[in-house]
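What follows is a single structure, written as structure tokens, with notes after it.
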Amino acid sequence: MKLSVAIPGHIRAFRIGTVPDWAREIERLGFDGMSVTDRRAWPTPEPMTSLAAAAAVTTRIQLFSSVVLAPPRGSASTFASEAATVDHLAGGGRLRLGLAPGGRASDYVDDPTAYERRGRDFDTMLAHMKAHWNGTDDDAVGPAPATAGGPPLLFGGHSQPTIRRVVEHGAGWIAGGLEPEAVNRFRHRIADAATKAGRHERTETLVSIMVALGPDTAGAGLNAIGEYYRDLGADVSRGAVAATVTDPHSLRTCIRAYSDAGADHIIMTVNDPDPDSLTALAHALDLL
């Protein structure tokens with residue numbers, strides 16, 4: 001089981017200037033990777049810039065987006081060039097690009113009608129990005145990636161289009177907000193679809209969980225989680241808070257449950273703005 005950390009860019013108390021500090025500390029403590037999130041209608045740090053900063057100060061850890069909202073970024077060529085540049089900064093094989101169309105209309109504020117067509121736009125964008133990275137797009141601009149064929153793609157969501165995208169384009173699936181049993185069922189659906197499509201390589205299952213081991217203060221801990229999900233309704237907000245892991249024993253139990261369900265990689269989204277809080281997480285997981 002691989003263990004990575006998603007930096008808490010979703011909480012208002014997060015200081016963007018600490019992104020390099022988070023990356024260094026995640027690598028020093030022995031975690032497998034660092035992840036960044038994306039939300040346009042929120043003060044979340046821009047994900048590709050954050051990954052570039054992390055790439056510049058680390059050498060070992062994998063660098064993830066979990067996930068970038070791809071359609072609102074507009075130009076597939078520009079986004080493919082951005083990702084290729086980060087791929088070079090990190091060194092081939094370290095960047096893994098998690099993508100999704102998103103589930104909040106507010107993230108499409110620049111073009112509200114685009115929210116309704118986000119799935120179609122996403123599929124068109126993926127085709128252009130892959131052609132750019134494979135060198136088959138005569139109109140491509142910007143650098144070719146360091147990783148042959150481009151950084152591996154991971155897809156978020158748990159719908160039928162998610163299965164199709166993983167099978168057609170992906171190296172793995174990122175699960176969020178699902179119980180272990182649901183993760184196990186969905187990963188089997190992906191495997192069955194891949195077999196029917198004649199694809200035999202195994203796709204990775206990654207699970208994103210919320211962790212709040214630090215103090216529950218204003219702008220941090222469970223308060224931050226409730227605020228972040230409040231726009232989706234009281235039930236969603238309360239559910240996100242209830243699903244958050246808040247003590248070391250529960251964290252280890254949670255990881256074992258997802259491992260038993262077939263997960264390969266856990267991405268723990270922490271809810272403390274201080275990178276020094278990572279030491280407590282590492283102790284909880286017996287990394288120190």
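The basis for the numbers below is simple: all heavy atoms, side chains too, and nothing from hydrogens, waters or symmetry mates.
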Q: Would you check, one step at a time, whether the test salt bridge (charged side-chain N to carboxylate O under 4.0 Å, His left out) holds for Arg230 with Glu227?
A: CA-CA 5 Å; Arg230 191 166 294 132; Glu227 181 182 13; 5.2 Å; no
**Report entry** Verdict with reasoning, Leu3 to Met268, per side chain to side chain contact (heavy atoms under 4.5 Å, CB included)
**Finding:** CA-CA 8 Å; Leu3 301 172; Met268 297 166 287; 4.0 Å; yes
*Evaluate side chain to side chain contact (heavy atoms under 4.5 Å, CB included) for Trp173 paired with Thr162, printing each intermediate quantity in order.*
CA-CA 8 Å; Trp173 167 54; Thr162 299; 3.9 Å; yes
- What's the verdict on side chain to side chain contact (heavy atoms under 4.5 Å, CB included) for Leu51 and Met48, showing C-alpha distance, side-chain angles and the deciding distance? CA-CA 5 Å; Leu51 289 173; Met48 301 309 292; 4.3 Å; yes
Full working for side chain to side chain donor-acceptor pair (under 3.5 Å) between Asp274 and Ser277
CA-CA 6 Å; Asp274 188 349; Ser277 66; 6.0 Å; no
Q | side chain to side chain contact (heavy atoms under 4.5 Å, CB included) between Arg117 and Asp111, worked out | A | CA-CA 11 Å; Arg117 63 172 192 271; Asp111 183 4; 3.1 Å; yes
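Residues Leu29 and Val19 are members of one and the same hydrophobic cluster, defined by side-chain heavy-atom contacts under 4.5 angstrom among Ile, Leu, Val, Met, Phe, Trp and Tyr. Val270 and Val67 fall into different hydrophobic clusters, where Ile, Leu, Val, Met, Phe, Trp and Tyr residues are linked whenever their side-chain heavy atoms come under 4.5 Å apart, directly or through other members. Cluster annotation: Val5 is not connected to Leu154 through the hydrophobic network of ILVMFWY side chains, with a link wherever side-chain heavy atoms come within less than 4.5 Å.
To the nearest 0.5 Å, the span separating CZ on Phe186 from CG on Leu178 amounts to 8.0 Å. Remark: Arg94 CZ to Arg96 CZ distance equals 13.5 Å, nearest 0.5 Å. Once rounded to the nearest 0.5 Å, the distance linking CZ of Phe31 with CG of Leu278 reads 6.0 Å. Taken from CZ in Arg60 to CG in Asp32, the straight-line distance is 6.5 Å, to the nearest 0.5 Å. Note that CD1 of Ile174 and OG of Ser66 are 5.0 Å apart. Values are rounded to the nearest 0.5 Å. Here the straight-line distance linking atom CG of Leu206 with atom OG of Ser35 works out to 9.0 Å at 0.5 Å rounding.
Across all non-hydrogen atoms, the minimal contact from Asp87 to Pro151 is OD2-CD, 4.4 Å. Here the shortest heavy-atom pairing between Ser250 and Val245 reads C-CG1, 3.7 Å. Minimum interatomic distance between Asp21 and Pro275 (heavy atoms only, all atoms of both residues): CB-CG, 4.1 Å. Residue Met34 comes nearest to Ala54 through the heavy atom pair CE-CB, 3.6 Å, listed as atom of the first residue, atom of the second, then distance. Smallest separation of non-hydrogen atoms from Ala284 and Leu251: CB-CD2, 4.3 Å. Scanning all heavy atoms of the two residues, the minimum distance from Phe64 to Ser4 falls at CE1-OG, 3.8 Å.
A distance-only check finds a donor-acceptor pair linking the side chain of Thr147 to the backbone of Gly93 [under 3.5 Å]. Remark: the backbone N or O of Thr58 is not paired with any side-chain donor or acceptor of Glu27 at under 3.5 angstrom. Between the side chain of Asn271 and the main chain of Val211, a donor-acceptor pair closer than 3.5 Å is present. A donor-acceptor distance shorter than 3.5 angstrom exists from the side chain of Asp216 to the backbone of Asn223, with no hydrogens or angles considered. The closest donor-acceptor contact from the side chain of Asp38 to the backbone of Pro47 lies at 3.5 Å or more, if one exists at all. Side chain of Ser65 to main chain of Gly98: a donor-acceptor pair is present (N/O by atom type, distance under 3.5 Å, no hydrogens or angles). A donor-acceptor pair under 3.5 Å is formed between the side chain of Ser237 and the backbone N or O of Gly226. Side-chain atoms of Thr253 come within 3.5 Å of backbone N or O of His249 as a donor-acceptor pair. A donor-acceptor contact shorter than 3.5 Å is absent between the side chain of Trp133 and the backbone of Ala144. Arg40 places a side-chain N or O within donor-acceptor distance of the main-chain N or O of Asp107, the cut-off being under 3.5 Å.
In this structure the side chain of Asp264 reaches within 4.5 angstrom of the side chain of Arg202, judged on heavy atoms. In this structure, Thr269 and Pro8 have side chains that are not in contact, with every pair of non-hydrogen atoms separated by 4.5 Å or more. Counting only heavy atoms from C-beta outward, the side chains of Leu97 and Met129 approach each other to under 4.5 Å. Looking at His169 and Phe155, their side chains come closer than 4.5 Å, going by heavy atoms from C-beta outward. At a threshold of 4.5 Å between non-hydrogen side-chain atoms, the residues Val36 and Ile7 count as touching. Under the 4.5 Å side-chain criterion, counting only non-hydrogen atoms from C-beta, Gln160 is in contact with Ile163. When side chains are defined from C-beta on, Thr37 counts as touching Thr44, because their heavy atoms get closer than 4.5 Å. The side-chain heavy atoms of Tyr258 and Val183, taken from C-beta on, include a pair separated by under 4.5 Å.
The side-chain tip of Arg118 does not point at the ring of Phe122 from less than 6.0 angstrom away and within 45° of straight on. Both the sub-6.0 Å distance and the 45° axial angle are satisfied by Arg39 relative to the ring of Tyr228. Cation-pi geometry between Arg15 and Trp22 is not met: the NZ or CZ atom fails to fall both under 6.0 Å from the ring centre and inside 45° of the normal.
Ring pair Tyr115/Tyr108 is perpendicular by interplanar angle, where above 60° counts as perpendicular and below 30° as parallel.
For the residue pair Asn134/Thr136, the side-chain donor-acceptor check at 3.5 Å is not satisfied. Side-chain N/O atoms of Thr78 and Ser81 include no donor and acceptor closer than 3.5 Å. Side-chain contact annotation: Thr124 with Asp121, donor-acceptor N/O pair under 3.5 Å absent.
Remark: Arg104 engages Asp231 in a salt bridge, criterion side-chain N to carboxylate O under 4.0 Å. Between Asp123 and Arg164 there is a salt bridge, since a side-chain N of the basic residue sits under 4.0 Å from a carboxylate O of the acidic one. Using a cutoff of 4.0 Å between basic side-chain nitrogens and carboxylate oxygens, Arg73 and Glu46 are scored as salt-bridged. Taking a cutoff of 4.0 Å between a charged side-chain nitrogen and a carboxylate oxygen, Glu168 and Arg165 do not qualify as a salt bridge.
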